[in-house]
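Heads up: the structure comes next, in structure tokens.
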Amino acid sequence: MSIDADRIYCLLSQVPEGRVTTYKFLAHAVGSKGYRAVGQILRNNPYAPHVPCHRVVSSDGSIGGFMGNRSGVHIQKKKKLLRGEGVKIKGNTLSDFSSIVVSDFR
DNA sequence: GCGCTTATCGCAC
DNA sequence: GTGCGATAAGCGC
């Protein structure tokens with residue numbers, strides 16, 4: 001089955017500020033194991049600012065990478081942005097990730 | 001305990 | 001039609 005990109009955007013859209021989600025759960029939420037596919041959809045991001053791709057992190061709580069290449073220093077800005085929303089970031093990983101990760105969309 | 005490899009899905013070329 | 005890419009999980013050493 002295919003991952004409904006619209007579903008990804010919908011779930012991500014309902015994630016409040018100061019909270020993040022993981023590729024694994026997003027993929028699982030749509031009923032697929034295409035963890036990478038989720039990132040791929042976010043990579044194109046047709047919904048742009050409506051879909052806070054920087055709010056999506058890896059299952060380990062690490063930022064992983066955004067904008068198609070983790071080399072993007074923009075990640076640093078994202079981390080700071082998330083921190084401004086109430087998300088504490090440690091290096092390349094979320095400190096309170098386990099406390100802010102939304103693993104239950106329903 | 002840490003590292004590398006395999007599996008999986010979507011999008012771009 | 002093929003290849004690459006924002007990951008995840010498992011197996012090996």
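This structure is a prediction, so every number in the text was calculated from the model and none was measured. The figures that follow rest on heavy atoms only: side chains count, while hydrogens, waters and symmetry mates do not. Here is how names work: the chains are called A, B, and so on, in the same order as the sequence lines, proteins then strands, and each is numbered from 1.
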Does the Asn45(A) side chain pair with the main chain of Ala48(A), one donor and one acceptor, at a distance under 3.5 Å?
yes
Decide yes or no for Ile41(A) and Tyr9(A): does some side-chain heavy atom of the first lie under 4.5 Å from some side-chain heavy atom of the second?
yes
Tyr35(A) OH to dT6(B) C1': how many Å, rounded?
13 Å
Atom NE2 of residue position His54(A) - does it have more than 12 heavy atoms of other residues, nucleotides or ligands inside 6.0 Å?
yes
Given side chains that start at C-beta, do those of Ile8(A) and Tyr47(A) come closer than 4.5 Å, heavy atoms only?
no
Nearest-Å distance, CZ (Arg7(A)) to C1' (dG10(B))?
17 Å
Mind calculating the distance between CD1 (Ile8(A)) and C1' (dC9(B)) to the nearest angstrom?
11 Å
Suppose we call two aromatic rings close when their centres sit under 6.0 Å apart. Are Tyr35(A) and Tyr23(A) close by that rule?
no
When the distance from CD of Gln40(A) to C1' of dA7(B) is rounded to whole Å, what number comes out?
15 Å
Which atoms form the tightest heavy-atom contact between Ser32(A) and Ile3(A), and what is the distance?
CB-CG1, 3.1 Å
Checking Arg55(A) side chain against Val15(A) main chain: does a donor-acceptor pair fall under 3.5 Å?
yes
Rounding to an integer number of Å, can you tell me how far Ile3(A) CD1 sits from dC11(B) C1'?
12 Å
Polar pair under 3.5 Å, donor/acceptor by atom type, side chain Arg36(A), base dG5(C):
yes
Side-chain heavy atoms of Leu12(A) within contact of Val56(A), under 4.5 Å:
yes
d(CG, Leu26(A); C1', dG10(B)) in whole Å
14 Å
Contact under 4.0 Å: Asn44(A) side-chain N or O vs dG10(B) OP1/OP2
no
Are any of the side-chain heavy atoms of Thr22(A) and Ser58(A) separated by less than 4.5 Å?
no
Distance-only, no hydrogens or angles: does the Gln14(A) side chain make a donor-acceptor pair with backbone N or O of Cys10(A) under 3.5 Å?
yes
Check: Lys88(A) side chain, Arg83(A) main-chain N or O, donor-acceptor pair, under 3.5 Å
no
Within less than 4.0 Å of OP1 or OP2 of dG10(B), is there a side-chain N or O belonging to Ser2(A)?
yes
Residues within residues 51-63 of chain A bordering DNA chain B, heavy-atom distance below 4.0 Å
none
Is there a residue in residues 16-25 of chain A whose heavy atoms reach under 4.0 Å of DNA chain C, and which residues are they?
Tyr23(A), Lys24(A)
Rounded to whole angstroms, how far apart are CZ on Arg43(A) and P on dG3(C)?
17 Å
In dot-bracket, 5' to 3', how would DNA chain C read with Watson-Crick or G-U wobble pairs under 3.5 Å, [ ] for crossing ones and | for pairs to another strand?
|||||.|||||||
